[in-house]
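Report on the structure given below.
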Amino acid sequence: MTAQFVIENYTSGFISGWYYDNTSSLNSSDFQVQVNGNVIAIGEAKLFRQDLKDAGFSDGCHAFRVFIDDSVNRFGQLQIRLRTASGSKAEGNSFSTQRAEPIIEMSLKFQDPLNFIFEIRAEQAHQNIRFQINTGTKIRHYQNMDIAQGTSQISISVPTELMDGIERLFTIGLDGTSNALWQGHAKFAAVLTPREHLKNHHKAARLISISAQSSFRYESLKLNFDHDLDLTTLQNLQTAHSALCEGWEARKNYPKLTLPEFEKPLVSIIIPAYNKFELTYHCVASLILAYNNVSFEVILADDCSDDETAEAENYIENLRVSRNDNNLMFLRNCNKAADMAEGEYIIFLNNDTEVTSYCLDELISVISADNQCGIVGSKLLNEDGSLQEAGGIVWSSCKPWNVGNGDNPNKPEYNYVRHADYLSGAALCIRKDVWQQVEGFSDYLAPAYFEDTDIAFKVRDAGFSTLYVPTSEIFHFEGMTHGRDISIGVKKNQVINFSKFAKRWADAVRYNGQEGFENLQREKDRNIQKRILMLDYTTPDPSQDAGSYAAIQEIKLMQSLGFKVTFAADNLAHLGELTVNLQKMGVEVLYAPFYISVDQMLNSRLAEMDAIYITRFYVAQNFIDKIKTLKPSIPILFNNADLHFLRELRAAKTKEEQTKALQTREQELEICKKVDAILCYNPTEHAVISSHLPDMLNLQLTPWVLEDKNNGPDFNQREGIAFLGGFGHLPNVEAVEYLVEKIMPLLATQRPDINLFVYGSKMPKSFSEFECENIKMVGFAEHLDDVYHKHRVFVAPLLSGAGIKGKVLEAMAYNIPCVLTDTAAEGTGLIGGISCHIANSPDEWVKKIIDLYDNAEVWSEFSDAEMRLVEEHYSKQNGIDKFANIFASIGIYTSLKHQ
């Protein structure tokens, strides 16, 4: 019998079938999945099926079920083929299908203890459609239901066998259709009794970790244990951790806690309290356990308590206390305690909170980065881990809302730094000098409520911004101190003070929109002029390639024009720190599982956008027709990154490679015809495009911004020559091979003392063979200072490629003189003999390297010329002005002043 593949179906994102091969001596079950000729997945046929065993196929463990990523698998006619891991074919391995766009779209709203709750969008009603629920490669459950036309909400039940507290990857789709509608990790608890009703839960096996705070506490322990700790500190951490695990309910015992002590704290944390010492103790324990780098003091503002709060110093060492002779109530109590603050920043923290690691650092990082930032606030989480508040919004009716209340805290919409109308006083950070300038919380709102909303308006009136910082996460056990009934006690002032607040600030909110959930996601963004959707193939990583550096700078330029940037990568992957770094910049990053495909994202988000900014032609190729169909009038800017067909033609060595380059040319030029502006990094590419498309008038030069660098060592303190490149890019590999094989042997005969240092990410293992006495393969550079400050000359013998060369521009920013090929100098503004040396043959390279390496006078002239060029053409202000003109060319204007 020959090897056999059978593909039986393609449903809910999975292809299923079986593979049997009794001809292989290795009996391998690994295989590749190819769609339309491209390998997009690997699989293994090892699942058991009784029918296969009954049919005589060995032990029956030859079935497979493989998930196919939607982002690499477009809609339309598909030809699916399987090959063995070695690439050999097998009998019956082809499967043809028509992959249609989904009839519905769904996004996760939240999950309750028993169900997933999804928002469903459908152009028409559907009766009795069947959802398929998968975990891993297994079908776990089917659920039939009717779907209404338009937007609605549905609940998909989770089988009880999955309620075991184990996190799994869920995939949900419609049975019988190829696409997955949603995919994401989730876990469902085995115990549904609320934690506060579990007797001594912290002493029972597996129950200590059921709270939503447990993973944050584990993270804090790990971060603390990464450092050398003395026994006293360890014991203090243990006490704090135990206190948090035990909870505050019915607490009567208070083991001693010790806060850190700093001679000059940067931050003053004020915790207002009236009784409820069990909450205050819990809050302070979390401040001890959570890992933060900023120095801080804690001031307890005790408003005439008659419980253990009155002697809090006996339980908490290094605690500072502000005590009142008379009951001042919340607002005046806070104002009085703030007079004691020694830090540059004041954080007001409710005593019914539990802080997490880095929550203080993240607040201070944002507020200290900009002198015009006056207030920042944290993301607040409910006790069950759901979102309580992602900043506040005040509608034109003057009514305040907690943005995102009850929603999933991981949704992209709530996880980027943005302007907010107010930040909750439960976790609010303000500059001390701004606090003093606006005279603290307004006394007209005493005794309590609306003081945090009011101070945000006062701070903006004084010319400062108020920002929401999602990377600072704090649990707020709301209602623990004053309850929830607004008709009694202190809470009744919530109604009274609304009227006072509205009278004072009605004019400031008159354009803030009509209250309603349908308006919330759009209206929550303040201080923006336009909304730009940016599409690229992946999330930029500036440490890996110049294109990523350029993408980051272009985002900053758009933001400088007052634009909100929403970024989506073709793969919709959350890439950890890379994604978070964009969010910290104020970029809304869209990712799975909240958006399962770019097509689905465009359906739900394109309507709100004012323009599209697409980088790379193959990304534009995937989505431009969809964009034009959904919103024909939306202007599209196309940044080609580099002219792909020009790069391929320059690198082509065979007839086949030339043919492929010409095919790329046709595809790339076709994209150019469909967009409203073409952005290139150098005028050579403009000329090439114009020669093919003479009627394409809106060709723009993309500005490149070079950030200021520290001054480096002088001429005599440097040694060697350097090359830098990302080796996932073929021209950089070719350049190193040319350096090693053609230039360095000649240089070694004349100047063996001149060493070459090669830096770069993704360096091929084969490069280790190039190591010798005068060639050092360093690899990835942690910091560019290591490349450009240590060495005397930068070399870039690029033989192919297109676009502008980021490595050369960085050399200019660092004022290190260069020897370049014509290709490497293209578009930079460098001129041979004036600001750099140009060399295009090995002999010429050796001559120019030695001349620049030995001649301090020429070296200084080139360095000074680079500096002038950078100041004139690569400054941030130059970039802002050019980007304003680029957007104006497609009818997108900004009222912001750009000098």
Side-chain angles (χ1 to χ4, degrees), residues 267 345-350 353 355-356 358-370 372-382 386-395 399-431 434 450-460 464-476 478 508-509 512-513 515 517 519-528 531 559 562-567 579-590 594:
V267 177
Y345 305 95
I346 298 172
I347 292 179
F348 291 97
L349 185 67
N350 275 21
T353 58
V355 304
T356 67
Y358 296 125
C359 67
L360 306 181
D361 292 346
E362 294 294 340
L363 291 174
I364 301 307
S365 173
V366 173
I367 198 170
S368 64
D370 182 1
Q372 290 307 114
C373 182
I375 289 178
V376 290
S378 304
K379 179 199 291 181
L380 298 182
L381 303 174
N382 291 309
S386 62
L387 182 61
Q388 184 179 112
E389 180 177 321
I393 185 171
V394 179
W395 300 100
K399 290 183 179 177
W401 278 24
N402 298 340
V403 172
N405 184 261
D407 210 342
N408 187 328
N410 302 301
K411 287 178 72 169
E413 290 84 348
Y414 308 127
N415 281 287
Y416 59 98
V417 173
R418 68 172 201 280
H419 293 266
D421 289 340
Y422 72 94
L423 292 314
S424 170
L428 180 150
C429 176
I430 184 170
R431 306 175 78 99
V434 174
F450 276 86
E451 64 283 326
D452 50 3
T453 316
D454 173 85
I455 198 171
F457 280 73
K458 291 200 299 180
V459 164
R460 284 194 297 277
F464 300 94
S465 59
T466 53
L467 300 177
Y468 160 66
V469 183
T471 45
S472 173
E473 296 181 298
I474 293 178
F475 287 90
H476 181 210
E478 192 176 29
V509 301
N512 278 17
E515 62 191 271
F517 288 107
N519 300 328
L520 183 63
Q521 289 303 333
R522 184 177 177 88
E523 291 293 341
K524 75 179 190 308
D525 295 302
R526 299 297 189 202
N527 287 30
I528 63 169
R531 300 168 189 270
Q559 291 177 322
F563 299 162
K564 175 195 173 183
V565 179
T566 297
F567 177 87
T579 297
V580 173
N581 286 343
L582 282 184
Q583 293 171 326
K584 287 181 179 181
M585 287 171 53
V587 178
E588 180 186 30
V589 187
L590 309 183
F594 304 98

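These values consider heavy atoms only, across backbone and side chains, with no hydrogens, waters or symmetry-generated copies. In this chain, residues are counted from 1 in sequence order.
Under the 3.5 Å distance criterion, the side-chain polar atoms of Thr453 are left unmatched by any main-chain donor or acceptor of Tyr422. Although no hydrogens or angles enter the test, the distance criterion places a donor-acceptor pair under 3.5 Å between the side chain of Gln559 and the main chain of Met585. In this structure, the side chain of Arg526 engages the main chain of Glu523 through a donor-acceptor pair within 3.5 Å. No donor-acceptor pair closer than 3.5 Å links the side chain of Glu413 to the backbone N or O of Gln521.
Applying the side chain to side chain contact (heavy atoms under 4.5 Å, CB included) criterion to Ala420, with sequence neighbours excluded, gives Leu423, Tyr468. With sequence neighbours left out, Trp395 forms a ring-ring contact (aromatic ring centres under 6.0 Å, His included) with Trp401.
Ser378 approaches Ile474 most closely through the heavy-atom pair OG-CD1, 3.5 Å. Between Gln388 and Asn402, the closest heavy-atom pair is O-CB, 3.5 Å. Closest non-hydrogen pair, Val417 versus Lys584, comes out as CG2-O, 3.6 Å. Closest non-hydrogen pair, Ile364 versus Cys429, comes out as CD1-SG, 3.9 Å. Minimum heavy-atom separation, Val589 to Pro412: O-CB, 3.0 Å.
Interatomic distance, Leu381 CG to Thr353 OG1, rounded to the nearest 0.5 Å: 11.5 Å. If you take CG on Asn527 and NZ on Lys564, they are separated by 13.0 Å, rounding to the nearest 0.5 Å. If you take CG on Leu380 and NE2 on His476, they are separated by 7.0 Å, rounding to the nearest 0.5 Å. Here the OG1-CD1 distance, from Thr466 to Ile430, works out to 10.5 Å after rounding to the nearest 0.5 Å. Once rounded to the nearest 0.5 Å, the distance linking CG of Leu467 with NE2 of His419 reads 5.5 Å.
Inter-residue side-chain proximity for Lys379 and Asn415 is flagged as met; some heavy-atom pair is nearer than 4.5 Å. Arg431 places a side-chain heavy atom less than 4.5 Å from the side chain of Ile367. Proximity of Glu588 to Arg418: side-chain heavy atoms (C-beta onward) are nowhere separated by under 4.5 Å. The closest side-chain heavy-atom distance from Val587 to Tyr416 is not below 4.5 Å. A 4.5 Å side-chain heavy-atom check between Val267 and Leu360 finds every atom pair outside the cut-off. Taking the side chain as every heavy atom from C-beta outward, Tyr345 and Leu363 never approach each other to under 4.5 Å. Residues Phe450 and Pro400 have side chains in contact (heavy-atom distance under 4.5 Å, counting atoms from C-beta outward). The side-chain heavy atoms of Ile375 and Leu428, taken from C-beta on, include a pair separated by under 4.5 Å.
Of the N and O atoms on the side chains of Asn382 and Ser386, at least one donor lies less than 3.5 Å from an acceptor on the other residue. Neither side chain, Thr566 nor Arg531, offers a donor N or O lying under 3.5 Å from an acceptor on the other.
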Could you walk me through whether Asn408 and Phe594 pass side chain to side chain contact (heavy atoms under 4.5 Å, CB included), step by step?
CA-CA 10 Å; Asn408 187 328; Phe594 304 98; 3.6 Å; yes

Test log, rule side-chain hydrogen bond (donor to acceptor under 3.5 Å, both in side chains), inputs Glu389 and Tyr414
CA-CA 9 Å; Glu389 180 177 321; Tyr414 308 127; over 6 Å; no

Step-by-step side chain to side chain contact (heavy atoms under 4.5 Å, CB included) determination, Thr471 to Val580
CA-CA 8 Å; Thr471 45; Val580 173; 4.0 Å; yes

